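Note that the structure is a prediction, hence the values are computed from the model and not measured. Atoms within a ligand are numbered from 1 in the order they appear, just like the ligands themselves. Just so you know, residue 1 is the first one in the sequence shown, and it goes up from there. Quick note: numbers below take in every heavy atom, side chains included, and nothing from hydrogens, waters or symmetry partners.
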Amino acid sequence: MTPTAQQENGNTEERDIILSVKDVSVSFGRSKVLDNLSLDVYRGEILGFVGASGTGKSVLMRTILGLNQKQSGTISIFGHDIDSANDQEKLSVDMRMGVLFQHGALFSSLTVLENIQVPMREYLDIPERLMDELARLKIELVGLKPDTAEKFPSELSGGMIKRAALARALSLDPEIVFLDEPTSGLDPIGAADFDELIANLRDTMGLTVYMVTHDLDSLFAVCDRIAVLGKKKVLVEGTIEDMLAFDDPWVQEYFRGKRARQIVNDGKTKRRSEGVRAAAVSEQGQKGQVS
Ligand SMILES: Nc1ncnc2c1ncn2[C@@H]1O[C@H](COP(=O)(O)OP(=O)(O)OP(=O)(O)O)[C@@H](O)[C@H]1O
């Protein structure tokens, strides 16, 4: 049975824990990066994972994905402890997770369509034609034009690469996706559109999203919950309000600093995409460029 937990507000409604990290420690040589870190991720939420540069956000994500060794602690995904899971269970867990690495990590010698089909070829035994159809559906799902299918990564813009990489992450219809700084390198409108896409996927597919990010706009616009990494563990987790109330100099500076204040003042009630687009249209209008 899948584990559940009581909601943090103390009521008796239970939430489905899709990923549970308990007392995990990771070291490289004599340098300890994570020390007894614990974190739960709930089904259907968008969790934003933040922390100063070099604190170990990517290390944790890679450890969850089984790409880094941990020295102690347990990681359970979909109720399976990944250390004691058998091969069949591990395969089933892998198939239910999608990953978007920071720079897309697309294969440069493969077209977008072929990149999306890589996980299908690895895990599924289905006819070529069906694979083509499924890959084209993913391309549509992430908002890319149909002719992107035949393009190579070198022919794509930064935003298109992120979307193509997301399409590949969604290739097997995962229940949870791990996104490592998905909006880094995108302009504000591209980043806003990407946020909106993530929120739509969550809303329509019930996707759970674990997002490592430095992007304050994303945190304010789409994240349901935030976890802050500091001092080798999760310093605080909760809503934006919980972050604002948390007494720690880095957290205070990050969530109450000049940039955060600007975002809150600019559009507390709006999604960033609306705010950014409105600002862009207004600016163009002032320059007389809107037709
Ligand atoms: N394979 C490795 N071998 C040795 N040290 C590593 C390895 N991977 C990560 N580290 C170290 O672990 C620490 C945390 O790195 P990590 O990349 O997780 O930080 P981060 O929080 O994701 O940073 P950023 O926000 O800048 O991406 C760093 O000091 C890094 O040098």
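Through direct or indirect side-chain contacts shorter than 4.5 Å among Ile, Leu, Val, Met, Phe, Trp and Tyr, V118 is connected to F107, L110.
Using a 4.0 Å cut-off between charged nitrogen and carboxylate oxygen, D173 and R96 do not count as a salt-bridge pair. We find that E128 and R121 are joined by a salt bridge, their nearest charged nitrogen and carboxylate oxygen being less than 4.0 Å apart. Taking 4.0 Å as the cut-off between side-chain N and carboxylate O, K145 and E150 do not count as a salt-bridged pair.
A search for side chain to side chain contact (heavy atoms under 4.5 Å, CB included) contacts involving A52 returns T55, W250, not counting sequence neighbours. Residues passing the side chain to side chain donor-acceptor pair (under 3.5 Å) test with Q69: none are found, sequence neighbours excluded.
Protein residues with any heavy atom under 4.0 Å from ligand 1: F28, V33, A52, S53, G54, T55, G56, K57, S58, V59, E181, H214.
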